[in-house]
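Both counts, for ligands and for their atoms, begin at 1 and track the order of listing. Because only heavy atoms are used, hydrogens play no part in the values below, and waters and symmetry mates are left out as well, while side chains stay in.
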Amino acid sequence: MKTQVAIIGAGPSGLLLNRYLAKHGIESIVIEDRSREYVEARIRAGLLETQSVKLMEELGVADRLYKEGMEHKGIYLQVPGERHHIDFEELIGHTVWVYGQTEIQKDLDAACDKAGQEIHYEVTEVALHDIDSDHPSVTFVDKDGNSQKIECAVIAGCDGFWGPSRKAIPDVEVGSFERVYPYSWLGILANVAPSTDELIYAWHPDGFAMHSMRSDKVRRLYIQVDPNDDIANWSDDRIWEALAKRMELTGWELKTGEITEKNILAMRSFVSGKLSHGRLFLVGDAGHTVPPTGAKGLNSAANDVRFLGEGLVDFFNKKDASLLNRYSERAKETIWRVTHFSWWMTTMLHTSGNEFDNQLQLSQLKHLFKNKALQTNLAENYVGIR
Ligand SMILES: Cc1cc2nc3c(=O)[nH]c(=O)nc-3n(C[C@H](O)[C@H](O)[C@H](O)COP(=O)(O)OP(=O)(O)OC[C@H]3O[C@@H](n4cnc5c(N)ncnc54)[C@H](O)[C@@H]3O)c2cc1C
């Protein structure tokens, strides 16, 4: 196979990039090691910042988002006995949208189908070759067991944190940074209408709790747990009790319902030392990850897509490599801002079991409730105005 850009991974990064390139007349081939059904059903992100919504609109995949998504004007922050609304719209005139990654994935797949863009699912043995040269290639075995080779000018590594692209960069660990947090999130999906109009982030001495949603019928809730905890220790009743206790507020009730999914996820921040090498470029989780507290993972993947897309459009359509050569530098500026914001939200809201730390966190949150400058800073970072 021959193409201009070989894209490894059909998650949000891979398919957004495919649609961005197609819009500008640039050909790409996408390969993915999972099935389409699996990728479409994977429960992950659910909150889109202004820039991500704009990108989806530009790519013609925002119709259902505008019809079925929920526009949120702010978030609630809570300490025991006090819930405070941070009003993004009033503070900075921007909003965010609640719309599940599963739905984004379906919309991107449908757009690819409509455009006749083939995606090679269930591939194995993916390997990158000659990334230092002008003619790199990707080899893989297709789902029928045939060996395949894609010859291309550029490889986009959109294959997530565990994929092969980052590992293909020599000495990539030099200058890479990682922080693994001493807490995890137990996340549930529940078939019950939200008990709140906007997301609640609650600090509690027992640990952080969060109420988010995917639609007006489906809720996504999280509680902080120990990283060594086992999901088997958490019956549905115990989860609902912990959520109700940590988010308790006079006059407010957390309605319960059927839990359809529950799992524990580790929390880490990671930034790769290099986001590009020769003709290979890392996009999204392949190059960096954040804990989900600030809802930034998918949004920073969308930022990368725009930066790389702009570079590739100049490279292929104007024969100008200058923007492409600056991809890593441009993307990293945003990545570090996002990494700091996610770290700040995470460390402000998760308890460590130390009473001194608790008092510092409470002081910081109560100061935030009163201080418009701090709220504006939170709002700008949350909606992604940089
Ligand atoms: C449980 C959870 C909750 C999250 N919540 C949020 C949130 O609330 N807000 C937010 O913004 N972000 C959230 N995130 C992060 C967000 O989901 C990711 O940042 C986003 O999916 C990144 O997109 P991506 O395409 O870069 O990577 P991925 O979605 O990981 O996609 C990479 C793709 O590459 C494929 N792949 C891997 N290896 C290979 C290979 N060898 N060959 C071919 N394909 C391969 C994978 O199967 C996958 O489809 C969450 C993540 C998790 C895990």
Side-chain angles (χ1 to χ4, degrees), residues 6-18 29-49 51-52 96-102 104-105 108-109 119-128 138-143 148 150 155-168 184-189 199 201 210 212-214 220-222 261-270 272 275 281-305 308 331 335 338 341-342 345 382 384:
I7 298 178
I8 306 176
S13 299
L15 294 194
L16 283 170
L17 184 65
N18 169 270
I29 292 177
V30 186
I31 59 170
E32 162 64 49
D33 69 346
R34 301 288 196 156
S35 68
R36 175 169 173 162
E37 296 69 34
Y38 179 90
V39 176
E40 285 188 356
R42 206 163 36 191
I43 303 293
R44 289 187 166 181
L47 195 127
L48 291 170
E49 42 176 62
Q51 305 294 344
S52 307
V96 289
W97 282 77
V98 169
Y99 191 62
Q101 185 167 328
T102 47
I104 296 170
Q105 202 72 51
L108 286 166
D109 278 333
I119 300 167
H120 300 269
Y121 284 101
E122 295 176 68
V123 305
T124 53
E125 297 178 41
V126 173
L128 295 80
V138 179
T139 53
F140 65 96
V141 174
D142 69 22
K143 82 170 180 191
Q148 301 282 4
I150 307 172
I155 301 174
C158 303
D159 44 1
F161 185 72
W162 304 104
S165 296
R166 190 176 66 256
K167 293 171 198 139
S184 291
W185 272 14
L186 188 161
I188 63 164
L189 205 63
L199 273 59
Y201 289 80
M210 181 177 174
S212 77
M213 61 287 281
R214 289 292 179 266
R220 183 86 169 131
L221 300 116
Y222 301 98
E261 185 172 311
K262 57 179 170 183
N263 50 27
I264 292 182
L265 46 131
M267 298 178 74
R268 73 153 59 80
S269 298
F270 172 80
S272 173
L275 289 185
F281 298 85
L282 303 180
V283 185
D285 277 19
H288 47 92
T289 53
V290 285
T293 326
K296 289 294 168 208
L298 174 57
N299 291 302
S300 48
N303 273 311
D304 289 358
V305 167
L308 184 60
I335 289 163
V338 159
F341 178 67
S342 302
M345 287 284 280
Y382 200 99

Per-atom filter on ligand 1: closer than 4.0 angstrom to a heavy atom of I8 are 42 (N), 43 (C)
The protein heavy atom nearest to atom 1 (C) of ligand 1 is L265 CD2, 3.7 Å
protein heavy-atom neighbour closest to atom 31 (O) of ligand 1 works out as G11 CA, 3.7 Å
Donor-acceptor pair, side chain of S342 and main chain of G294, under 3.5 angstrom
no
Rounded to the nearest 0.5 angstrom, the CE-OG1 distance for M210 and T293 is 8.0 Å
To the nearest 0.5 Å, atom CG of L128 lies from atom NZ of K167 at 11.0 Å
Per side chain to side chain contact (heavy atoms under 4.5 Å, CB included), P164 is matched among V126, D33, V138 by V126
A student checking ligand 1 against G284 at a 4.0 Å heavy-atom cut-off should list atoms 26 (O)
Closest heavy-atom approach to atom 14 (N) of ligand 1 among S13, A45, S35 is made by A45
Nearest heavy atom to atom 23 (O) of ligand 1, choosing from P12, G46, A302, belongs to P12
Restricting to heavy atoms, the pick from I104, L17, V123, D33 nearest atom 40 (C) of ligand 1 would be D33
The side chain to side chain contact (heavy atoms under 4.5 Å, CB included) partner of L308 among L282, L17, L275 is L17
protein heavy-atom neighbour closest to atom 34 (O) of ligand 1 works out as D159 CA, 3.2 Å
In this structure, atom 42 (N) of ligand 1 is nearest to the protein heavy atom V126 CG2, 3.4 Å
Residue, atom and distance of the protein heavy atom nearest atom 15 (C) of ligand 1 read G297 CA, 4.0 Å
Separation between NZ (K296) and CD (E49), nearest 0.5 Å, reads 3.5 Å
protein heavy-atom neighbour closest to atom 46 (C) of ligand 1 works out as E32 OE2, 3.5 Å
A student checking ligand 1 against C158 at a 4.0 Å heavy-atom cut-off should list atoms 32 (C), 33 (C), 34 (O)
Between Q101 and ligand 1, does any nitrogen or oxygen pair lie at a separation below 3.5 Å? yes
**Request:** Begin with the C-alpha distance, continue with both residues' side-chain angles, and end with the deciding distance and a verdict on side chain to side chain contact (heavy atoms under 4.5 Å, CB included) for I155 and I150.
**Result:** CA-CA 10 Å; I155 301 174; I150 307 172; over 6 Å; no
The protein heavy atom nearest to atom 11 (O) of ligand 1 is L298 N, 2.9 Å
Within 4.0 Å of some non-hydrogen atom of R34, the atoms of ligand 1 are 47 (O)
From the list V290, D304, N303, side chain to side chain contact (heavy atoms under 4.5 Å, CB included) with I335 holds only for D304
Per-atom filter on ligand 1: closer than 4.0 angstrom to a heavy atom of K296 are 10 (C), 11 (O)
Note: ligand 1 atoms sitting under 4.0 Å from heavy atoms of P164 are 40 (C), 41 (N)
protein heavy-atom neighbour closest to atom 53 (C) of ligand 1 works out as R44 NE, 3.6 Å
- Take V96 and L199 through the side chain to side chain contact (heavy atoms under 4.5 Å, CB included) test and state the conclusion after the steps. CA-CA 11 Å; V96 289; L199 273 59; over 6 Å; no
Here the atoms of ligand 1 under 4.0 Å from any heavy atom belonging to R42 are 46 (C), 47 (O), 48 (C), 49 (O)
The atoms of ligand 1 lying under 4.0 Å from a heavy atom of G160, numbered in the order shown, are 27 (O), 30 (O), 32 (C)
To the nearest 0.5 Å, atom NE2 of H288 lies from atom CZ of R166 at 10.5 Å
**Prompt:** Relative to the ring of Y201, is the ring of Y382 parallel (under 30°), tilted (30 to 60°) or perpendicular (over 60°)?
**Reply:** perpendicular
Q. Does the side chain to side chain contact (heavy atoms under 4.5 Å, CB included) test come out yes or no for V98 and M213, once each step is laid out?
A. CA-CA 7 Å; V98 169; M213 61 287 281; 4.2 Å; yes
query: D285 to ligand 1: N or O pair under 3.5 Å?
result: yes
Check: In terms of ring plane angle, is the pair F161 and F270 parallel, tilted or perpendicular, where the classes change at 30° and 60°?
Finding: perpendicular
